[in-house]
Amino acid sequence: MNQKIKWGIAGAVVLCVLVVAFVWGGDFASKDTEVLSGTSSPSASAEISPTASASASPSASPSVSPSASPSASAAAAVSAKPSAAATEAPRQSISPETGKDAYQTEPVPEGQPVPVEPQEVEVTDNELTCTISIRCDTLLANMDSLAPEKRALVPADGVLLAERTVTFHEGESAFNVLRRETKQNKIHLEFVNTPVFNSAYIEGIGNLYEFDCGELSGWMYKVNGWFPSYGCSRYALKDGDVVEWIYTCDLGRDIGADGGWQR
Amino acid sequence: MKDVFSSYHPFVNLCYFVLALGCGMFFMHPVCLALSLVGGFSYMAVCKGRKALGFGLKFMLPVLLITAIMNPAFNHRGVTILTYLWSGNPLTLESILFGLATACMLAAVLCWCACLSEVMTADKLVYLFGRIVPALSLMLSMVLRFVPRFGVQLREVSAAQRCIGRDVSNGSVFQRMRHGIRILSILVTWSLENAIDTADSMKSRGYGLKGRTAFALFRFDRRDGAALAVILLLGAVMLAGGVCGVTTYQYFPSLAGGEPSVWAALVFVAYGVLCGLPLMFNGWEAQKWKRLQSNI
């Protein structure tokens, strides 16, 4: 009897450790899961917004003005004239020793939005729109380096999700919008949270994974023609942003990324 | 029931298990997995008797379930999205099926290994490898013998310690821990000493020396030759099937493979015969025995 209890306790301890490892490890989307589930579908957001505001407003409305507003309100203003607003927007806090911020990002070039930490952002029920598209046309030219069983997954025109305008809530990141759109359009998406970069990393879309087409291949994103130097969870979208998800077979060189962050 | 296949020549046994384990580990086609699991489990039931069922329920079923659950929790590949997991990644049909397939493979290999340990006893190993690699085969047979002997000795030491009130069942938690460590220390000392004793004893008998012969009861007769021929023929068919890709099955990104053809059917029949071979030998032997009895 005693023996049985001992084994039971040992089993429970092992199970607890496994659960803790699973939650703390990379496979668990911590904050933005809850944020997203509140505003799961843009089409239904009109009905949802009262409940969403009821739950989020007590903390959202006061805190927006002091802490999150510089980036958010500036971002709203920026959409028209990026360069002017960039001077007002708070810059990243760069550590003098490493020349990088707390999440390994080098200084963002002038005129581009700085990263926003997803855990600090308050999502408001202010509805904005952006366009999103998912393409893998670089694969069409590199079909022979793709595994045979994956070839059927590449559409003839290389477009997984045609460009479309979607609604999102102010404060949501490029990652939030990608997750919602892939879910709605029944496109497969696998990501992993990387605490070092404080962002989700997109491993595969539509079962096309990183390294599927050589060791320099994977998914990249581009907003208004610029490939951000930080993760998609830290890119706070503005009204009218054009987000493109593109598969690269050559570390971005074949899709026009200048690779500023590589230097 | 007494296992007849164990009485075959050790080389036949060795060839058979190399083939059965190799095919069981590398062929992930659902049909192959099912054949291997059924064959392995039923042969284990013959070898181990009633113990096999307990082993299957107590040990293999949990391993099977855990493996089958773990895979879809961490593997999100596959085109058929069933639902979304708590982490935000998709739960796919393909990952569940792949988890089940790996669980079946693991269970089948465990069954075959259990049979292997019953059939390939230490004397057979020493007979097979004693000439080629004397040191290794002696070590292997010692290691194989070590586990059961360690258990027996553990019970002995524990019983002796209990008499003087120093077993793991006596005293407070800390005292128990100290007693446990003491018993472990006694056991380790015993096993080291025992190993040196065995090595010295074998050396003094001239084990591994040139020109020494070893007495063995094994004789390669006509029955063994026929069995070996059948095993090698089936192995050749399986190898050809594996090279042609009949036994491979695609789980990701979508399930594919296993188009029915005459060649595929032939390979699967061959694999079924291979997995059921020891049972067939047993059956033939029983029939022969019955016929001889009725002739008297």
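Order of the sequence lines fixes the chain letters, A, B, ..., with proteins taken first and strands second; residue numbering starts at 1 for each chain. All values below come from the heavy atoms of this structure, side chains included, with hydrogens, waters and symmetry mates left out.
Residues A:Glu190 and B:Phe74 approach most closely at OE2-O, 4.4 Å, considering heavy atoms.
The OG1 atom of B:Thr92 sits 7.5 Å away from the CG atom of A:Asn207 when rounded to the nearest 0.5 Å. For the atom pair NZ (A:Lys186) and OG1 (B:Thr80), the distance works out to 13.0 Å, reported to the nearest 0.5 Å. Rounded to the nearest 0.5 Å, atoms CZ (A:Phe191) and NE2 (B:His76) are 8.0 Å apart.
Along residues 246-257 of chain B, the residues that come nearer than 4.5 angstrom to chain A, judged on non-hydrogen atoms, are B:Gln250, B:Phe252, B:Pro253 in order of number.
Applying the 6.0 Å contact sphere to CZ of B:Arg178 captures no more than 12 heavy atoms from other residues, nucleotides or ligands. The environment of A:Arg164 atom CZ is dense: over 12 non-hydrogen atoms of other residues, nucleotides or ligands sit within 6.0 angstrom.
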Pair A:His188-B:Val79, side-chain contact (heavy atoms from CB on, under 4.5 Å): steps then yes or no
CA-CA 7 Å; A:His188 165 273; B:Val79 291; over 6 Å; no
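Every pair passing salt bridge (charged side-chain N to carboxylate O under 4.0 Å, His left out) that includes a residue from residues 200-212 of chain A is listed here, sequence neighbours excluded: A:Lys150-A:Asp212.
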With a 3.5 Å cut-off and sequence neighbours excluded, list the donor-acceptor pairs that the side chains of residues 138-147 of chain A form with protein atoms.
from: A:Thr138; atom 1: OG1; to: A:Tyr247; atom 2: O; distance (Å): 2.5
from: A:Asn142; atom 1: ND2; to: A:Thr138; atom 2: O; distance (Å): 2.9
from: A:Ser145; atom 1: OG; to: A:Asn142; atom 2: O; distance (Å): 3.0

N/O donor-acceptor pairs under 3.5 Å from side chains in residues 152-161 of chain A, not counting sequence neighbours:
from: A:Asp157; atom 1: OD1; to: A:Val159; atom 2: N; distance (Å): 3.3

